[in-house]
**Q** 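Can you keep this structure in mind? I'll have questions shortly.
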Amino acid sequence: MESYHIHALLPNQCGSSLVQTIDAPLSLVWSVIRQFDNPQAYKQFISSCKMCAGDGGIGSIREVMISTGLPAKTSMERLDKLDDDNHVMDFSIVGGEHKLVNYSSTTTVQEEKGRKCVVIQSYVVDVPAGSSKEDTCLFANTIIECNLRSLAKVSERMAAL
Ligand code: A8S
């Protein structure tokens with residue numbers, strides 16, 4: 001499972017991986033993550049999302065509108081992998097108005113003891129000219145940490161129903 005998160009980094013790139021334990025069954029958590037056409041199901045900072053190509057399968061493209069207050073307006077994102085057997089999803093950012101150029105990420109879910117699971121999200125992104133690896137990763141990590149905490153909340157609420 002860890003091997004999904006090993007990404008080669010070019011000299012001008014940085015990356016990281018974030019881990020979240022969730023007190024809900026894997027099948028439920030995966031059902032929330034896998035909906036490429038509905039990232040707002042758990043991601044923060046998104047005001048809306050529209051599909052530009054595909055219907056949520058591999059190769060689909062979505063355009064995500066970002067809420068005000070962030071240094072970003074839109075993001076065009078392509079679904080690169082959706083593996084329902086191993087619970088792995090990859091997507092890349094292919095355009096938009098923001099500073100995460102060449103961003104690509106992998107999200108996996110694994111079962112833990114009990115009714116728990118562990119979600120790992122890793123990514124690679126270009127470091128923009130005039131910025132440092134540390135600042136670029138800190139920015140992306142902050143967003144992803146918020147999203148993973150939100151995924152945990154949403155899933156745990158659903159699991160309690
Ligand atoms: C994800 C991860 C990230 C999304 C970032 C890091 C983003 O959607 C936001 C602000 C930005 O400046 C970049 O898994 C971008 O979605 C909230 C628009 C890409």
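The figures that follow rest on heavy atoms only: side chains count, while hydrogens, waters and symmetry mates do not. Ligands are counted one by one from 1 in listed order, and the atoms in each one are counted from 1 as well.
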**Q** Quick check on ligand 1: any N or O pairs to the protein under 3.5 Å? One line per pair.
**A**
unit_1: ligand 1; atom_1: 14 (O); unit_2: Lys43; atom_2: NZ; d: 3.0
unit_1: ligand 1; atom_1: 14 (O); unit_2: Gln121; atom_2: NE2; d: 3.0
unit_1: ligand 1; atom_1: 16 (O); unit_2: Lys43; atom_2: NZ; d: 3.0

**Q** Side chain to side chain donor-acceptor pair (under 3.5 Å): which pairs involve residues 144-159, sequence neighbours left out?
**A** Gln44-Ser150
**Q** Can you list every pair that meets ring-ring contact (aromatic ring centres under 6.0 Å, His included) and has a residue in residues 55-107, with sequence neighbours left out?
**A** Trp30-His87, Phe91-Tyr103, Tyr103-Tyr123
**Q** One pair to check against salt bridge (charged side-chain N to carboxylate O under 4.0 Å, His left out): Arg34 and Asp84. What are the steps and the verdict?
**A** CA-CA 8 Å; Arg34 75 178 301 287; Asp84 284 313; 2.8 Å; yes
**Q** Report the residues that fulfil side chain to side chain donor-acceptor pair (under 3.5 Å) with Ser60, sequence neighbours left out, ordered by chain and then residue number.
**A** none
**Q** Does Phe139 belong to the same Ile/Leu/Val/Met/Phe/Trp/Tyr cluster as Ile66, with side-chain heavy atoms less than 4.5 Å apart forming each link?
**A** yes
**Q** Calculate, to the nearest 0.5 Å, the distance between atoms NZ and CG belonging to Lys116 and Leu26 respectively.
**A** 14.0 Å
